[in-house]
S.K.: 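Here you go, one structure.
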Amino acid sequence: MRIASFNINGIRARLETVTGWLERQAPDVAVLQEIKITDEAFPREPFEDLGYNVEVHGQKSFNGVAILSKSPLEDVSRGLAGDETDEQARWIEALVGGARPVRICGLYLPNGNPAPGPKFDYKLAWMERLKARAERLLELEEAAVMIGDWNVIPQPEDAEHPENWVEDALYRPESRAAFRRILHLGFTDAFRARHRGKGHYTFWDYQRAAHERNDGIRIDHALLTPQAADRLNECWIEAEMRAGPKPSDHVPLWVELED
DNA sequence: ATGTCGCGACTATCGCGA
């Protein structure tokens with residue numbers, strides 16, 4: 001099973017980029033973030049025409065996540081537990097069935113800037129709720145993947161210029177510690193299980209010619225339960241997408257699990 | 001110091017979020 005995560009930065013602006021990508025690459029599962037549209041307005045047909053089942057958790061203008069799957073999706077749930085007042089659409093979960101099922105958790109973690117401040121507090125609180133959900137996922141003892149835009153730079157080697165990020169919510173010690181607390185519950189960072197060292201990025205800002213200068217960061221991650229990690233074949237970043245037509249500021253992150 | 005996008009709003013520039 002090939003699973004791809006892609007922060008598309010708006011489905012309206014990215015529809016052709018995304019459908020063209022799906023036609024070329026044909027992932028079994030595509031997990032999308034920042035769709036920036038309501039469930040009702042999401043253009044389901046172009047994806048259904050490509051053979052995908054579509055599950056959306058959207059909202060107007062901002063955030064929004066979706067799961068596309070060639071196989072039927074079961075047990076779909078929307079929203080991250082732990083705060084009934086939270087109206088931001090950042091979490092969707094579904095089971096991809098079959099002989100060896102995989103639970104897919106698609107997430108768009110809050111950016112948290114400016115830090116300190118209420119947005120940073122929301123980020124850290126959201127990560128506490130995520131940790132609680134992660135603990136439950138481990139108890140299920142299933143193959144499960146928490147994949148998406150984590151908005152966390154885990155280590156200095158995950159930025160071309162880490163010194164430029166020290167005050168940023170994506171790199172502050174509190175964010176990195178919260179990420180580690182989740183990872184160290186017993187998850188595997190799929191990319192780091194297969195690749196070492198500096199120079200592997202999933203995001204380049206539109207501003208300041210960041211891509212031309214390769215001023216990137218690695219903030220899109222796939223965390224695997226032990227049952228999923230046992231099936232990990234490969235994990236890679238499709239960096240070429242950033243130089244293609246009408247790019248998102250993120251590129252796809254791929255995980256291949258043994259069927 | 002600034003540089004870019006996407007979206008939505010008192011439709012055409014601006015505020016917000018990233």
Side-chain angles (χ1 to χ4, degrees), chain A residues 5-21 31-44 46-47 56-66 80 86-92 106-127 130 147-154 158-172 174-176 178-179 201-221 237 239-253:
Chain A
S5 171
F6 194 3
N7 179 323
I8 62 173
N9 190 21
I11 189 59
R12 295 179 206 273
R14 214 70 58 209
L15 186 58
E16 288 185 29
T17 302
V18 176
T19 54
W21 169 70
V31 186
L32 307 180
Q33 302 90 39
E34 282 206 88
I35 60 174
K36 297 186 176 181
I37 201 167
T38 59
D39 294 3
E40 300 73 35
F42 187 89
R44 305 176 66 93
F47 300 106
V56 178
H57 181 41
Q59 69 180 87
K60 195 171 182 176
S61 307
F62 304 118
N63 311 316
V65 288
L80 183 61
D86 186 1
E87 293 181 349
Q88 300 191 25
R90 298 180 174 277
W91 179 268
I92 187 169
L107 68 103
Y108 175 48
L109 206 145
N111 175 292
N113 281 304
K119 291 184 176 178
F120 191 54
D121 296 341
Y122 173 70
K123 176 179 194 148
L124 297 178
W126 202 92
M127 293 185 83
L130 175 54
I147 189 167
D149 177 0
W150 285 70
N151 267 320
V152 175
I153 303 166
D158 296 312
E160 185 68 15
H161 297 291
E163 69 278 11
N164 292 348
W165 295 91
V166 291
E167 301 294 326
D168 196 284
L170 278 60
Y171 191 62
R172 287 180 68 106
E174 301 94 324
S175 307
R176 295 170 59 199
F179 178 82
Y201 308 128
T202 65
F203 170 91
W204 296 261
D205 203 299
Y206 287 125
Q207 299 189 66
R208 296 175 294 274
H211 185 247
E212 288 85 336
R213 297 183 293 107
N214 195 29
D215 183 6
I217 52 177
R218 191 177 73 94
I219 56 174
D220 297 84
H221 308 296
I237 297 165
E240 313 82 72
M241 284 290 285
R242 189 64 177 78
K246 204 111 197 309
S248 171
D249 42 5
H250 294 250
V251 295
L253 171 71

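Chain identifiers are assigned alphabetically (A, B, ...) following the order of the sequence lines, protein sequences preceding nucleic acid strands; residue numbering begins at 1 within each chain. In this text the structure is predicted, and so the values were computed from the model without any measurement.
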S.K.: Roughly, in whole Å, what's the span from CD in A/Glu34 to C1' in B/dC16?
M.R.: 13 Å
S.K.: I want to confirm an ordering. Mapping A/Arg213 and A/Asn7 to their closest nucleotides on DNA chain B, which one lands closer to the 5' end?
M.R.: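 In this pair, the answer is A/Arg213.
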S.K.: For A/Gln59 and A/Thr38, test the side chains for any donor-to-acceptor distance below 3.5 angstrom and give the result as yes or no.
M.R.: no
S.K.: Need to verify one output field. Residue with the more 5' nearest nucleotide on DNA chain B, A/Lys36 or A/Gln207?
M.R.: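 Comparing both residues, the 5'-ward one is A/Gln207.
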S.K.: If I pick the P atom on B/dG15 and the same atom on B/dT2, what distance separates them, to the nearest angstrom?
M.R.: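 It comes out at 16 Å once rounded to the nearest Å.
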S.K.: Partner of B/dC10 by Watson-Crick or G-U wobble geometry, both contacts under 3.5 Å, or none?
M.R.: none
S.K.: Do other residues, nucleotides or ligands put more than 12 heavy atoms under 6.0 Å from the CD atom of A/Glu87?
M.R.: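 No - once you tally the heavy atoms of other residues, nucleotides and ligands closer than 6.0 Å, there are 12 at most.
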S.K.: Once you round it to whole Å, what is the distance between C1' of B/dC5 and CZ of A/Phe203?
M.R.: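 Atom-to-atom, A/Phe203 to B/dC5, this comes out as 10 Å.
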S.K.: Check every atom of B/dA18, B/dG6, B/dC7 against the side chain of A/Ser61 and return the nucleotide holding the closest atom.
M.R.: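 The closest nucleotide is B/dC7.
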S.K.: Tell me the interatomic distance from A/Asn9, atom CG, to B/dC16, atom C1', rounded to whole angstroms.
M.R.: 13 Å
S.K.: For atom P, what is the distance between B/dC16 and B/dC10, given to the nearest Å?
M.R.: 14 Å
S.K.: What distance, rounded to whole Å, do you find between the two C1' atoms, one in B/dC7 and one in B/dT11?
M.R.: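 The answer is 14 Å between these two C1' atoms.
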S.K.: Rounded to whole angstrom, note down the C1' distance from B/dG8 over to B/dA12.
M.R.: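 Rounded to whole Å, the distance is 12 Å.
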S.K.: Any chance the side chains of A/Asn214 and A/Trp204 put a donor and an acceptor closer than 3.5 Å?
M.R.: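 Judged by distance alone, the side chains do pair up.
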S.K.: Taking atom C1' of B/dC7 as reference, at what distance in whole Å does atom OH of A/Tyr206 sit?
M.R.: 13 Å
S.K.: Could you go through the side-chain contact (heavy atoms from CB on, under 4.5 Å) check for A/Leu32 and A/Val65 one step at a time?
M.R.: CA-CA 5 Å; A/Leu32 307 180; A/Val65 288; over 6 Å; no
S.K.: Select one nucleotide: of B/dG6, B/dA18, B/dG8, the one nearest the side-chain heavy atoms of A/Lys60.
M.R.: B/dG8
S.K.: Please give the distance between the C1' atoms of B/dG3 and B/dA18 as a whole number of Å.
M.R.: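 So the two C1' atoms sit 15 Å from each other.
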S.K.: Using both distances under 3.5 Å as the test, list the Watson-Crick or G-U wobble partner of B/dG3, or none.
M.R.: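 For B/dG3, the partner nucleotide comes out as none, under the 3.5 Å rule.
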S.K.: Nearest of B/dG17, B/dT4, B/dC7 to any side-chain atom of A/Ala13?
M.R.: B/dC7
S.K.: Among the nucleotides B/dC7, B/dA18, B/dG6, which one has an atom lying closest to any side-chain atom of A/Arg12?
M.R.: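 Per side-chain heavy atoms of A/Arg12, the pick is B/dC7.
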S.K.: Using whole Å, report how far CD of A/Glu212 lies from C1' of B/dG3.
M.R.: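 Taking CD of A/Glu212 and C1' of B/dG3, I get 11 Å after rounding.
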S.K.: A/Ile37 CD1 to B/dG8 C1': how many Å, rounded?
M.R.: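 These atoms are roughly 12 Å apart.
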S.K.: Report yes if a side-chain nitrogen or oxygen of A/Arg208 is closer than 4.0 Å to either non-bridging phosphate oxygen (OP1 or OP2) of B/dT2; otherwise report no.
M.R.: no
S.K.: Grab the CD-C1' distance between A/Gln59 and B/dC16 for me, whole Å please.
M.R.: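 In whole Å, B/dC16 C1' and A/Gln59 CD are 14 Å from each other.
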S.K.: Assign A/Tyr108 to base, sugar-phosphate, or nothing according to its heavy-atom contacts below 4.0 angstrom with the strands shown.
M.R.: sugar-phosphate
S.K.: State, to 0.1 Å, how close A/Asn111 and A/Ala169 come at their nearest heavy-atom pair, and which atoms those are.
M.R.: O-CB, 3.4 Å
S.K.: Round to a whole Å and report the spacing from CD of A/Gln33 to C1' of B/dG17.
M.R.: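 Rounded to whole Å, this separation is 16 Å.
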S.K.: Could you walk me through whether A/Tyr206 and A/His211 pass ring pair (Phe, Tyr, Trp, His ring centres under 6.0 Å), step by step?
M.R.: CA-CA 8 Å; A/Tyr206 287 125; A/His211 185 247; over 10 Å; no
